[in-house]
Every structure is written in C-alpha cells, then in structure tokens.
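One structure is given below, encoded as structure tokens.
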Amino acid sequence: MPLTNYHTHTNFCDGMSHPVHYVEEAIKQNVKILGFSGHAPLPFHCNWTINEKKYGEYLNTIQFLKEQFAPQIEICCGLEIDYIPELWNEIHDAIRPETLDYFIGSIHFIDSYENGARWSIDGSHAEFQKGWKTIFHRDSHAVIRKYFDYIRRMVTEMKPPVIGHLDKIKMQYSHNCFIPETDPIYRKELMDTLEVIAASDCIVEVNSRGVYKRNEPELYPSFWVLTEMARMNIPVTISSDAHRPREIVSLYKDTALKLKEAGFKHTRYYSKGVWKEEVM
Ligand SMILES: [Zn+2]
Ligand SMILES: [Zn+2]
C-alpha cells in the first residue's frame, strides 16, 4: 500500500513550517499522496486555526504546490473543520467544503464558559479541568455524553469524508479527573457512536499523534475500538496529524500492523478525486 497522509498542519495554522517543506520531506520519505488539512477558520477568536484573512492564501499556496510538484507527488487540499452544531451553517458558508478535495471533521469544543469563551477538550489538563469543574460541575459522564453526542451529530449533519481522532477526549484521563475507557458509560457512548458511523459513508482516521507526540499507549481510536470497527466493517485511513515535516508518516508502519491485528484487511486512500480501497 502506498505511503499517504491526509492530516497535515502547516504554519498557516498551528504547524511549524511552510507547506513546501512538508512536500519536500514527503518526497524524501517516498510518500505518494500528501493531503493538507489546516484547521479551518472559525467565527470566533482561536489561536490555532487559519486566520480567515489568510484562507485564500492557504488555498492558493496548496494549489500552486499541487501543480509545481505534480510529477513527483500527488497533493490534495483539505481542511480539518470543527463541528460546532450552532455554528455549522456559518462555518460551512464561509469555507464551502465542497470546493476542497476532502475534509476531516473533528470535535475540539463541546461547550463554553459563562463569558462565552469556548472550552477546548484538546488543550492542557489544567484547561480541561477548569471547564470540567466550572461548566460540568465535575460530572465526567456528562462530558463524555456530550462529546460523543457531538460526534454523532457531526456524522449525520456535517457528513465529513473523514472523522478526526474519534476518541481524543481520552487524553484527558488523569490527575484524579475524568473516567477511564473501561467505564461502562464511556463504552456505551462509543459503541452507540460506532453504530451511527457504520450506517454513514464516513471513514475513520487512525491517528498516531498521541503515541509519537505524548507517549500515549494507544492510537486514536484505541485498539479495543479498532477491533469493534473491523467487525462492523467501518473503513479507515492512516494519519499522523503532522505538525512538523518530519512527522508526516510517523508510525505509519506500526499503525498498519495494529490495524491488521485488529482485523482490518483494507485501508482507504484518496487519489484523483475519489476514496479508494487498498489491500493492506
Ligand atoms: Zn484535531
Ligand atoms: Zn489536526
């Protein structure tokens, strides 16, 4: 199967380098298809998304690289788009996702503080605990229910071609806060979510960033989730969620082995306008 990655952040959002450096590194590492997925602009202040004033430049830059490097590598232009139910129409109209090659739908926000500031579940433990205490009054199950409810609504309303880091919320389990994946309510929420995904056309990305970046023991999603997904025939694509050129295909081979162990026989990859199935 060809080396590919569709989850790549550059210095247009919170990545470290200009897109051209990722392309050069991808060619060096024999990557066949590279997809850029900058964090889509949001209609509120956020320091890790593409500034709306830079969005046109982002699209033009990727298009330029696509043409310039066409003989050596296939480049795709995408975005990682936050699904926030009450803002989805506004975000959709500003971005027009249908004009992209593909996009990843992700959940990073599930609520706001009283002053209106958004609470991210993808930041530090300290930030997570602040919202857990002040917004959810330490009710971990309420957080879990809302997180997976948002994923399910994202699948049915946003219909993303790819679902980003399905169980990212598990990274916040620590420091006497929150619940482990073995919790029955966590498991039920996750299984209900897989049912909704299985009935959709969405592909779930298998994301290695937690393992190579934060030394987490498990991929997103965890191995037990992957075995359930394989049983339910939910399609997958391998991604690194790279924020630096050298991370483009981090742990790609280990991730493929894990997928085989979990029971997968195929992965999906995007090329020339369509998602195709590839034998592993
Ligand atoms: Zn993300
Ligand atoms: Zn990302």
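In this text, all values refer to a predicted model and were calculated from it rather than measured experimentally. Only heavy atoms go into these numbers, but all of them, side chains included; no hydrogens, no water, no symmetry mates. Remember, it's 1-based here, ligands and their atoms both numbered in the order they're listed.
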Atom name, Glu80 (N, O or S, nearest to the Zn ion (ligand 2)): OE1
Leu87 and Arg118, any side-chain heavy atoms less than 4.5 Å apart: yes
Short N/O/S contact of His39 with the Zn ion (ligand 1) (below 2.8 Å): no
Minimum-distance atom from the Zn ion (ligand 2) among N, O or S atoms of His7: NE2
Over-ring placement of Arg153 relative to Trp88, 6.0 Å and 45° cut-offs: no
The Zn ion (ligand 2) to Asp241: nearest N/O/S atom name: OD1
Lys130 charged N/C atom sitting above Tyr113 aromatic ring, 6.0 Å / 45°: yes
Glu157 versus Tyr83, side-chain donor and acceptor atoms under 3.5 Å: yes
N/O/S atom of His165 inside 2.8 Å of the Zn ion (ligand 2), strictly under: no
Phe44 and Phe109 aromatic centres sub-6.0 Å: yes
